[in-house]
Protein chains: 2
Amino acid sequence: MKPDIAQRRAGGKRRTRVAGLGARRKPARLRAAGEAGAVMRAPKVDLGGLDQFTGYVVRRAQVWIFQDFKRALKDLDVTPAQFSVLKIIAANPGIAQARVAEALSIERARLVQMLDRLEAPGLISRIRSAIDRRSHALHLTGEGARMLERLEERIEEHERNVVERLGAKGKSELLRLLGPFLL
Amino acid sequence: MKPDIAQRRAGGKRRTRVAGLGARRKPARLRAAGEAGAVMRAPKVDLGGLDQFTGYVVRRAQVWIFQDFKRALKDLDVTPAQFSVLKIIAANPGIAQARVAEALSIERARLVQMLDRLEAPGLISRIRSAIDRRSHALHLTGEGARMLERLEERIEEHERNVVERLGAKGKSELLRLLGPFLL
DNA sequence: TATTGTTATACTCTATAACTATA
DNA sequence: TATAGTTATAGAGTATAACAATA
């Protein structure tokens with residue numbers, strides 16, 4: 001059984017046994033906290049070992065990194081997902097939508113809208129294939145290529161923020177550790 | 001300038017210069033790929049260095065881990081986020097909603113619905129605080145505590161899957177590396 | 001029959017704003 | 001004035017299903 005937060009807070013070495021429902025000589029506020037109808041006050045929240053679960057830690061790191069990405073690129077208005085699509089198209093000129101979706105594990109139905117938003121400002125082009133008329137060949141436009149360059153500059157700055165927390169050696173260690181998760 | 005995928009594919013050492021728009025003596029299919037209106041065929045997609053960006057790698061790892069979590073707990077129907085809420089409440093009996101939201105970086109407006117879904121099946125209780133009548137004291141019910149135990153068993157299995165890819169030493173390294181991102 | 005791009009639907013999540021009741 | 005819980009809304013993301021054109 002876990003002692004209530006107020007008890008732990010008031011406790012320290014002085015506390016030898018955990019209070020049940022019976023009152024102690026603590027101030028009413030502290031005595032009540034943890035009992036039904038009382039709320040925890042100011043003290044820091046106990047994560048309860050959550051930070052020992054890989055999923056929790058990786059998720060928090062991912063959120064931090066994406067927020068910093070967003071902040072570093074806010075005036076260019078490009079999301080991490082959009083950036084990854086641009087990179088794939090740049091590296092594979094003429095690639096079909098289904099291949100991009102596959103490579104990034106984006107639903108191809110979802111990719112349609114993503115490409116709409118890259119095509120509208122003229123960053124990419126969709127051209128019906130002459131070979132397989134079901135599919136579209138994707139290419140970066142000149143504007144798209146210039147945009148990608150601008151993005152990469154900003155992302156360098158962002159990566160420096162990440163490496164600041166990771167250490168230069170830390171980044172390569174991290175990439176090595178997480179390699180097996182890239183399906 | 002990046003050569004088109006078909007060219008790279010057909011290339012190898014034999015290729016010394018990249019084709020412009022002019023035709024070469026390749027089969028029409030390969031020659032066309034990468035030009036406007038042609039699509040890339042079967043060869044593996046080039047990630048174009050995406051796997052050197054921390055954000056990409058961490059994101060892919062996070063998705064993998066959450067999918068495995070979901071798979072391992074599918075019959076219990078609990079998401080990673082719900083699990084984290086249960087853990088926080090278990091570790092901080094009587095905690096107020098706003099503190100939980102803060103600790104997990106969930107919008108408190110969003111937490112309302114999450115708690116609704118934990119309260120409905122009787123896993124947690126919300127009790128209006130006698131001390132500060134604006135807030136609710138959150139507690140795990142008996143059923144909630146039992147559920148949490150069952151969850152932890154399943155999550156052990158899930159964590160083993162993760163460690164299988166990370167290595168036992170890898171997990172502790174990972175937690176150490178990502179520690180600085182836990183705000 | 002299978003695949004490609006597309007539309008549509010439902011559910012989840014994020015981000016805000018605003019309201020109420022309390023402090 | 002500020003905070004806690006709540007409701008509402010809009011935008012993204014995820015997950016499916018279905019359809020027309022094409023292979």
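To find a chain, count down the sequence lines: A is the first, B the second, and so on, and within it residues start at 1. Remember, it's a predicted structure, so these values are computed and weren't measured experimentally.
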Return a table of donor-acceptor pairs under 3.5 angstrom between the side chains of residues 114-124 of chain B and protein atoms on other chains or two or more places apart.
residue: B:D116; atom: OD1; partner: B:R126; partner atom: NH2; Å: 2.2
residue: B:E119; atom: OE1; partner: B:R126; partner atom: NE; Å: 3.2
residue: B:E119; atom: OE1; partner: B:R126; partner atom: NH2; Å: 3.2

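- Spacing between atom CZ of A:F66 and atom C1' of D:dA12 amounts to 13 Å, rounded to whole angstrom units.
- Annotation: of the two residues near DNA chain D, A:M114 and B:H136, the 5′-most nearest-nucleotide partner is B:H136.
- Computed from coordinates, the A:Q97 CD to C:dT7 P distance equals 10 Å when rounded to whole Å.
- Using a cutoff of 4.0 Å between basic side-chain nitrogens and carboxylate oxygens, A:R150 and A:E157 are not scored as salt-bridged.
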Produce the list of close N/O pairs, under 3.5 Å, pairing protein atoms with atoms of nucleotides 14-16 of chain C; give distances to one decimal.
residue: C:dT14; atom: OP1; partner: A:R59; partner atom: NH2; Å: 3.3

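- No continuous path of ILVMFWY side-chain contacts below 4.5 Å connects A:V112 to A:I106, so the two sit in separate hydrophobic clusters.
- In this structure, of D:dT6, C:dT3, C:dG5, it is D:dT6 that holds the atom nearest to the side chain of B:R126.
- In this structure, CG of A:L111 is placed 13 Å from P of C:dT7, rounded to the nearest angstrom.
- Between B:F83 and A:F53, the ring centre distance stays below 6.0 Å.
- Between B:L115 atom CG and D:dT7 atom C1' there is a gap of 15 Å when expressed in whole angstrom units.
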Contact list (N/O, under 3.5 angstrom) for nucleotides 18-22 of chain D vs protein:
residue: D:dT22; atom: OP1; partner: A:R133; partner atom: NH2; Å: 3.1

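- Evaluation of the salt bridge (Lys or Arg N to Asp or Glu O under 4.0 Å) rule for B:E164 yields no partner, not counting sequence neighbours.
- Put simply, CG on A:D116 is 15 Å from C1' on D:dA12, counting in whole angstrom units.
- Qualifying salt bridge (Lys or Arg N to Asp or Glu O under 4.0 Å) partners for A:R154, counting only residues two or more places apart in sequence or in other chains: A:D75.
- Residue A:Y56 holds its OH atom at 13.0 Å from CD of B:Q62, rounded to the nearest 0.5 Å.
- Using a 4.0 Å cut-off between a side-chain N of Lys or Arg and a carboxylate O of Asp or Glu, A:R108 and A:E102 do not qualify as a salt bridge.
- Between A:I124 atom CD1 and C:dG5 atom C1' the separation is 13 Å, expressed in whole Å.
- Take the nearest nucleotide of DNA chain C for A:V112 and for B:R117: the residue whose nucleotide is more 5' is A:V112.
- Contacts of A:R71 classified as salt bridge (Lys or Arg N to Asp or Glu O under 4.0 Å), with partners at least two apart in sequence or in another chain: A:D68.
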